[in-house]
There are 2 protein chains.
Amino acid sequence: MLQTRIDDHAPTSRESMREAQEIFYKHLKRVGLKHTDQRDTILRTFLETRDHLSTDELFRLVRKKDSKIGFTTVYRTLKLLAECGLASAVPFPDGMARYEHQFNRRNHHHMVCTECDASVEFFSPEVNKLEEEIGRKYHFDATRHNFQIYGVCEDCRKKSRRAI
Amino acid sequence: MLQTRIDDHAPTSRESMREAQEIFYKHLKRVGLKHTDQRDTILRTFLETRDHLSTDELFRLVRKKDSKIGFTTVYRTLKLLAECGLASAVPFPDGMARYEHQFNRRNHHHMVCTECDASVEFFSPEVNKLEEEIGRKYHFDATRHNFQIYGVCEDCRKKSRRAI
DNA sequence: ATGAAAATGAAATTCATTTTCATTTGGCAT
DNA sequence: ATGCCAAATGAAAATGAATTTCATTTTCAT
């Protein structure tokens, strides 16, 4: 999925990477699972991205680093990452399961163009305030939210104007 | 999907129903499609709901009214309804395609319990303001949005406290 | 080093979604 | 009203993403 960023974050730094790995391996230990090279490679690959990746998209990236890693392993590792909060599923209207990594990236949202599927990230602290307020009001212990705005981007608007 | 409502809207009124039907049939005419009893039944059934229905769930409801209507027809009609804006897809984390009708029901949002999947509707005019502002800022022609808060509901919190 | 438990990955399975196709139906033209 | 034909229908088949199975390999505590 095409994606633009309006902010200018550097890719996950080496130290953050290590920190995330630690979270992952603590989780593995806690539930009695093992440390493997494949899981290492998959986590690293995932942290290097900033998109909403389908399992297959991540698999393709992983394969570039180690062509022997299978789809199934990527699929299962992504679930583990979601379990320990490093990844989270982003429901998109195309129905395919997409994940994005959550390490040091909370509180951003997406604007999706319904013509070309391009998406733009934006940050809005107000949304976080709302989450909190509404949780309190309805006695929910709110942990996260999902906010997407759909519309038509400038490019597509121009294109369709030209087409008339 | 279990669902609670915190507001107290009456089900779609007879007049609104007729209005929605008119929108639907104008759309059909516009794209050269025909008026059928099946489509009528499916639209009516859909408008009577207030949940996020999967195609299969709507099919089951429709079947109660006319057992001869097939799944495929419900599936296709739901797409038509989405085309003319009477239905819209709500992406949920379970990945199944779910629709809710949009007739006189814009601007509501959902809080979803991650334990029991129950959902509660809430209304927040602030979110609409945000949609507008952000659209303007990033030159998107914003048409709709999707806002869901995930958390643990009061009941599940009580249950898990008891379990300890 | 050894062995039990877990991981891996290819292949098979499941299941929602979508398409195909033979038949029926709606609605315009006559 | 009747005929025509494009569209609709629905059963069945196809598709494709997600998940499970299972034989083999690897990890790691001892």
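Letters A, B, ... are given to chains in the order of the sequence lines, protein chains preceding strands, and every chain is numbered from 1.
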According to side chain to side chain donor-acceptor pair (under 3.5 Å), who are the partners of B/E131, at least two apart in sequence or on a separate chain? B/H145
Can you tell me how far C1' of C/dG9 sits from CG of A/D66, to the nearest Å? 12 Å
Taking CG from A/L78 and P from C/dA7, how many angstroms apart are they, rounded to a whole number? 16 Å
With the threshold set at 4.0 Å, does a side-chain nitrogen-carboxylate oxygen contact exist between A/E83 and A/R30? no
Establish, with yes or no, whether the OP1 or OP2 oxygen of C/dG26 is under 4.0 angstrom from a side-chain nitrogen or oxygen of B/R39. no
Of all residues at least two apart in sequence or in a different chain, which pass the ring-ring contact (aromatic ring centres under 6.0 Å, His included) check with A/Y25? A/H35
The salt bridge (charged side-chain N to carboxylate O under 4.0 Å, His left out) partners of B/K26 (sequence neighbours excluded) come to B/E22
With sequence neighbours excluded, what pairs up with A/F59 under the ring-ring contact (aromatic ring centres under 6.0 Å, His included) test? A/F71
Under the side chain to side chain donor-acceptor pair (under 3.5 Å) test, which residues partner B/R60, sequence neighbours left out? B/D56
Counting primed atoms, P, OP1 and OP2 as sugar-phosphate and everything else as base, the B/S/- map of nucleotides 17-30 of chain D against protein heavy atoms under 4.0 Å is SSBBB-----BS--
Return the set of residues passing ring-ring contact (aromatic ring centres under 6.0 Å, His included) with B/H27 (not counting sequence neighbours), or none when no residue passes. none
Rounded to whole angstroms, how far apart are CZ on B/F59 and P on D/dA11? 8 Å
Of B/G32 and B/G70, the one whose closest nucleotide on DNA chain D sits nearer the 5' end is B/G32
Minimum heavy-atom distance A/E100-A/D51, with the two atoms named: CB-O, 3.7 Å
With axes from five pairs an end, tell me the bend angle of the helix from C/dA1-D/dT30 to C/dT30-D/dA1, nearest 10°. 30°
Whole-Å distance separating the CZ atom of A/R63 from the C1' atom of C/dT8: 17 Å
In whole angstrom, give the distance that lies between atom CG of B/D40 and atom P of C/dG27. 11 Å
Whole angstrom is fine here: how far is it from NZ in B/K68 over to P in D/dG10? 9 Å
Going by side chain to side chain donor-acceptor pair (under 3.5 Å), name the residues that satisfy it together with A/R44, two or more places apart in sequence or in a different chain. none
